[in-house]
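When a residue number appears, it is its place in the shown sequence, counting from 1. Side chains included, hydrogens not; waters and symmetry mates left out as well; all remaining heavy atoms used. Values in this document were obtained by computation on a predicted structure and should not be read as measured data.
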Amino acid sequence: MRLREMARWMGRVGIAFAILLLAYIAADMTGLRGLRILFGLGALITGVWLAVRLLRMAARQAVWRLRNRLLVTYLFISVVPIVLIAGLAIASGYALVAQLAVYLVTSELDRRVDAIASAAANVARTEPANRVPVIHGMIDLFYLDHYPGIEVALRQGGNVIRYPGSGAIDPPSKPWDDTSGVIERSGRYLIWSYKKTPGGDVTVTVPVTPEFLDSLSPHLGVVDFGESISDMRRANGPSGIESRLPPELYRFDRELAWFASIPTYDWNDPGVTSNGLLMVRTRASAVLATVFNRKADLAQEGLQLFLVIGVVVFFIVEIISLVIGVTMTRTITGAVHRLYEGTEKVMRGDFSHRI
């Protein structure tokens, strides 16, 4: 009996929504991506339809009296816009912070790529007899500490000279133009730079390891790189991510995750690029601490103080407006309600009621 009453209350739209939702969950658990998208779209459409239907039913039950109608009207006129504005401001703030986190990481990645491109260009400009000493001195002095695992392959005179001597990197077997960026080779990602010389070429590579990604912006959060988001999640696991995330400093300091598309070369296909994903998981407090990291800068301190004062003033104005709006609404609706009750008394013949 209860199932029949629930089915009658939900209607055909509600039953269809429940079926599609269960089918979506089953498709997601079994890995049927095409059916999952289809069932998810159907559940979304029927869910919106069901929500509109339930809202209409609730409105018919809730606003049968004049006072309630006025209360609902003032609710939509005053409270709903305030809530929407506040929600939009919060969502925009989180989106801005997430995008800023990705920008901090990608800009540092670009700087690292430019640095090894400069190293390859310096070797290419050097006289052939002096290239090996230049490679050793330059890498040892400027690159070894900040670019762990860096390798250089110099091809000239029919020979390949590697740095370090234990390096296993080989120059590309296929012809490349001068290139710098991120490249995928045998399932591994590298940042690299390739430079042609009159008698050969120079190849500089640095492996994209978790340690290298974390060094792009220390204390910011978790930085991952891969072909897809699911691959990065499987590689890290929940425990690995939680251990590398910055600590939560306050209640709403939630985890933020955003990504950027990075052009990625293929070692075996010169000039062909695909899109790799760089994902950053962080918290708003960590991003703001990275941006406002110069405590002795009076301009940054003034900007932080201005932002705090602006937020406080905004909430004070909103609270005062809400109190004034509720007070005025109660005054107006109370007067109308008393007139409404008096009218009903008169209609029933009770002329002793005092309005």
Side chains of [X] and [Y]: does their closest heavy-atom pair fall under 4.5 Å?
X    : Y    : result
R188 : P207 : yes
V312 : I316 : yes
L245 : V222 : yes
I191 : L109 : yes
P164 : E151 : yes
F225 : V182 : yes
I116 : Y147 : yes
T205 : I150 : no

NZ/NE/NH1/NH2 to OD/OE distance under 4.0 Å, E341 and K345: no
- Electrostatic pair D224:R281 at N-O distance under 4.0 angstrom: yes
Looking only at atom types and distance, does a side-chain atom of [X] sit under 3.5 Å from a main-chain N or O of [Y], one as donor and one as acceptor?
X    : Y    : value
S118 : D114 : no
T282 : L220 : yes
D253 : S285 : yes
T209 : F212 : yes
E127 : N130 : no
R162 : I169 : yes
N275 : T264 : no
S107 : L104 : yes

Is it the case that one hydrophobic cluster holds both [X] and [Y], taking links as side-chain heavy atoms less than 4.5 Å apart, direct or via other members?
X    : Y    : result
V280 : L288 : yes
V204 : L141 : yes
V134 : Y163 : no
F142 : V132 : yes
V223 : V291 : yes

Show the nearest heavy-atom pair for residues [X] and [Y], with the distance to one decimal.
X    : Y    : answer
R155 : P172 : NH2-O, 3.2 Å
R283 : E248 : NE-N, 3.8 Å
S261 : P263 : O-CD, 3.9 Å
T106 : A260 : CG2-CB, 4.0 Å

Exactly one candidate in T179, T203, D201 meets side chain to side chain donor-acceptor pair (under 3.5 Å) with Y194; the answer is D201
If I take atom [atom1] from residue [X] and atom [atom2] from residue [Y], how far apart are they, to the nearest 0.5 angstrom?
X    : Y    : atom1 : atom2 : value
W258 : Q99  : CH2   : CD    : 7.5 Å
I139 : D145 : CD1   : CG    : 11.5 Å
I262 : T273 : CD1   : OG1   : 12.0 Å
E344 : L339 : CD    : CG    : 12.0 Å
L154 : T197 : CG    : OG1   : 7.0 Å
L190 : E184 : CG    : CD    : 8.5 Å

Using atom types as modelled, flag every donor-acceptor pair under 3.5 Å from a side chain in residues 38-48 to any protein atom, sequence neighbours excluded.
unit_1	atom_1	unit_2	atom_2	d
T46	OG1	G42	O	2.8
T46	OG1	A43	O	3.2

Please determine whether the number of non-hydrogen atoms from other residues, nucleotides or ligands lying under 6.0 Å from atom NE2 of H136 exceeds 12. yes
So with a 6.0 Å cut-off around CZ of R354, is the heavy-atom count from everything else above 12? no
Practice prompt. Show your working on ring-ring contact (aromatic ring centres under 6.0 Å, His included) between W176 and W192 and close with a plain yes or no.
Written response: CA-CA 12 Å; W176 279 80; W192 85 313; 5.0 Å; yes
Note to self: Pair R112, E108 - check salt bridge (charged side-chain N to carboxylate O under 4.0 Å, His left out), show working.
What the structure shows: CA-CA 6 Å; R112 300 285 181 96; E108 178 62 20; 2.9 Å; yes
